[in-house]
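Notes follow once the structure below has been shown.
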There are 2 protein chains.
Amino acid sequence: MAALLVIEDDDRIRLSLALALEDEGHAVREASTAEDGLIAQRKDPADAVLVDLMLPGVDGFECIRELRRTDDVPIIVISARSDTHDIVAALEAGADDYVVKPVAVKELSARLRAVNRRVRPAASPVPALVFGELEIRPEAGEVRLHGEPVAVTRTEFRLLCELAEHAGRVLSRQQLLERVWEYSIGDERLVDVHVGRLRQKIEENPAAPRHLVTMRGLGYKLLR
Amino acid sequence: MAALLVIEDDDRIRLSLALALEDEGHAVREASTAEDGLIAQRKDPADAVLVDLMLPGVDGFECIRELRRTDDVPIIVISARSDTHDIVAALEAGADDYVVKPVAVKELSARLRAVNRRVRPAASPVPALVFGELEIRPEAGEVRLHGEPVAVTRTEFRLLCELAEHAGRVLSRQQLLERVWEYSIGDERLVDVHVGRLRQKIEENPAAPRHLVTMRGLGYKLLR
DNA sequence: CGAAATCATGACGAATCAATGACAACCCTG
DNA sequence: CAGGGTTGTCATTGATTCGTCATGATTTCG
C-alpha cells in the first residue's frame with residue numbers, strides 16, 4: 001500500500017512489525033537507530049514513518065523534531081509508555097499519532113490510512129505494488145529490490161507493470177504483445193527475450209525465478 | 001483554542017469533559033445524541049468533533065459517516081472500547097483519531113492540535129520545497145543552491161516547480177509541455193533543452209544529476 | 001528412451017533516445 | 001533602437017535499447 005520506514009531498536013519487535021506490515025501489503029524499510037532512520041528517510045523518503053520513543057543515542061522525540069525540520073512525512077509513534085506526558089510531548093514534537101505497544105497491525109494500518117487521508121487530500125493514491133522484496137512504483141517509473149532501485153528499461157517496465165496489475169494470473173504471450181507492445185501480430189519469442197532480461201534484474205536467482213514464473217505452454221505470471 | 005463539539009450521551013462524562021476542555025481554552029458545545037450533534041454541526045460548524053461510539057439511536061459509526069458526507073471537520077472518537085475491530089471500523093468510517101476512555105485532557109488537546117496541523121495546511125502559506133541542498137520557493141520565485149540564490153529564467157522556474165510539485169514522480173515530456181508551456185502539440189525535444197539548461201544551474205555535476213534525473217523512455221523526475 | 005515441442009540465453013546490427021552546442025527569432029529594458 | 005538575455009529549432013553525437021536469430025537447455029509425450 002505504501003512505503004514505510006520503521007525505526008525501532010528492539011530487533012524482535014522491529015522484525016515482527018515489519019513482517020506483519022508487509023503482509024498488509026506495505027513496503028517496509030527498517031532502521032534500528034534514529035540516526036540511521038534519518039539518513040534512510042533523507043536518502044529515500046518513505047510515505048510514512050513509524051518510530052519508537054526509546055532509542056539508543058538520539059531518542060525518539062529528537063528524531064521526530066529532526067524529521068519535521070525538513071520533511072512533512074506522516075509520523076506515528078509506537079511506544080510502550082502510555083504516560084500522558086510522553087504522548088503530549090511526542091505529538092507536540094510533530095508526531096501525527098501515538099499508539100501504545102503492543103499494537104494490532106490492523107489498527108496500525110487503519111491509523112496510517114487515516115493520517116494519509118489528511119496528508120494527501122489531492123495526490124492520487126497510486127500505491128506501490130509490493131511483491132515481497134520486489135517493489136514496483138508505477139508513478140515513479142521505478143523498480144526496487146530490497147529497497148534498492150533497479151534500472152529497468154521502458155519495455156521491461158511496462159511488461160512488469162502489466163504482469164503486476166494481474167498478479168497471480170497467467171498472461172499469454174499474445175496478451176502481453178497486445179498490451180505492452182500494442183501489436184496484434186509479431187513474434188511471440190520477443191516476450192521471452194524481455195522476460196529473460198527482466199529476470200536478470202529482478203530475480204535473485206534468474207534460473208529459479210520466485211516472482212516472474214513461466215507457465216509452460218500458457219505464458220507468464222507474477223507471484224507475490 | 002478552538003470551537004469543539006462533544007457528542008456523548010453520558011451526562012457526567014460529557015460535562016466533565018466539556019469543563020476540562022474549557023479549562024484548556026476551548027469553546028465547547030455539547031450534544032447527547034448523534035442526531036443533535038449532526039444538527040448542531042450543520043447549523044454552526046465546530047473546528048473539531050469529539051464523538052462517543054455508543055450512542056442511543058444512531059450510533060457513533062453512523063454519525064461519523066454522516067458527518068463525513070458533507071463535512072471535512074476533524075473527528076476524534078472517544079470510546080470505552082479498545083477492540084481493534086472498533087478502532088479500525090471507526091477510522092475507516094472517517095474518524096481521524098481514536099482514544100480510549102478514560103482520557104487525559106492534555107492528551108486530547110495534543111491530539112486535537114496534531115490533527116489540526118494536518119487539516120489546515122493553509123496556516124503555512126507555501127512550504128519551501130527542499131531537495132537537499134536545493135531549495136525552491138514558489139511564492140518568492142526563487143531557487144537556492146546551498147543557500148545561494150541561483151538565477152533561473154521563467155520557463156526554467158516553471159519547469160522546476162512543476163517537477164517539484166510532483167517530486168519523485170515521472171512526468172512525461174508531453175505532460176510537461178502541457179503544464180509548463182500549455183501546448184498540446186510541439187516538439188518534445190524542447191523539454192530536453194530546458195532540462196539541460198536547468199541542470200547546468202542547479203546540479204553540482206550536470207553530467208551526473210542527483211535531483212533532476214532522466215527516466216529514459218518515460219520522461220523526467222525530481223528527486224530529494 | 002528418444003523425438004518433438006517449448007523455453008532460455010547470448011550475440012549483434014538496427015533503431016531509438018537523450019544530451020549538447022549552434023543559431024536565429026523574440027523579447028524586454030534602458 | 002540597440003543590446004543582453006531568453007526562447008524555440010535543428011543537427012550531430014554518443015549511448016542505450018530493441019528485435020531477430022541461432023544455439024543450447026529443459027520439459028512433454030509417444
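The shown structure was predicted, so the numbers you read here are calculated from the model rather than taken from an experiment. Residue numbers start from 1 in every chain, and the chains themselves are labelled A, B, ... in the order their sequence lines are given, proteins ahead of strands.
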Can you find a side chain N or O atom of B/Trp181 that sits less than 4.0 Å from OP1 or OP2 on D/dG8?
->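 Yes.
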Using atom [atom1] of [X] as one end and atom [atom2] of [N] as the other, report the distance to the nearest whole Å.
| X | N | atom1 | atom2 | answer |
| --- | --- | --- | --- | --- |
| B/Leu177 | D/dT7 | CG | C1' | 14 Å |
| B/Leu198 | D/dT6 | CG | C1' | 14 Å |
| B/Arg158 | D/dT7 | CZ | C1' | 12 Å |
| A/Leu159 | D/dG19 | CG | C1' | 14 Å |

Salt bridge check: are B/Asp97 and A/Arg111 linked by an N-O gap of less than 4.0 Å?
->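 Yes, charged N to carboxylate O under 4.0 Å.
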Would you list the protein and nucleotides 21-26 of chain D atom pairs, both N or O, that sit under 3.5 Å from each other?
from   : atom 1 : to       : atom 2 : distance (Å)
D/dT26 : O2     : A/Arg216 : NH2    : 3.2

Do you know which two heavy atoms are closest between B/Asp47 and B/Asn116, and how far apart they sit?
->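 Residues B/Asp47 and B/Asn116, closest heavy atoms: O-OD1, 4.4 Å.
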Hey, does B/Arg197 reach any base, or is it just sugar-phosphate, or nothing, if we go heavy atoms under 4.0 Å?
->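 Base contact.
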Sugar-phosphate, base or nothing in reach of B/Tyr220, heavy atoms under 4.0 Å |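 Sugar-phosphate contact only.
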With no hydrogens and no angle check, is any side-chain donor or acceptor of [X] less than 3.5 Å from a backbone partner on [Y]?
| X | Y | value |
| --- | --- | --- |
| A/His26 | A/Ala3 | no |
| B/Arg173 | B/Val191 | no |
| A/Arg158 | A/Val180 | yes |
| A/Arg14 | A/Val6 | no |

Considering heavy-atom distances to DNA chain D, does B/Glu156 or A/His194 have its closest nucleotide positioned more toward the 5' end?
->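 It is B/Glu156 whose nearest nucleotide is closer to the 5' end.
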Picking from A/Asp96, A/Val49, A/Leu5, what satisfies side-chain contact (heavy atoms from CB on, under 4.5 Å) with A/Val73?
->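 Filter result, single survivor: A/Val49.
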Passing option when A/Ile75 is tested against A/Leu91, A/Val115, A/Leu50, A/Leu67 for side-chain contact (heavy atoms from CB on, under 4.5 Å) |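 Of the listed residues A/Leu91, A/Val115, A/Leu50, A/Leu67, the side-chain contact (heavy atoms from CB on, under 4.5 Å) partner of A/Ile75 is A/Leu67.
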Closest nucleotide of DNA chain C for A/Thr214 versus for A/Arg154: which of these residues is on the 5' side?
->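 Result: A/Thr214.
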Compare all side-chain heavy atoms of B/Pro138 with those of B/Leu129 and state whether any distance is below 4.5 angstrom.
->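 With C-beta onward as the side chain, the pair touches.
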Could you tell me from which nucleotide to which nucleotide of DNA chain C, 5' to 3', there is an atom under 4.0 Å from chain A heavy atoms?
->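 Nucleotide range with atoms under 4.0 Å of chain A: C/dT6 to C/dC17.
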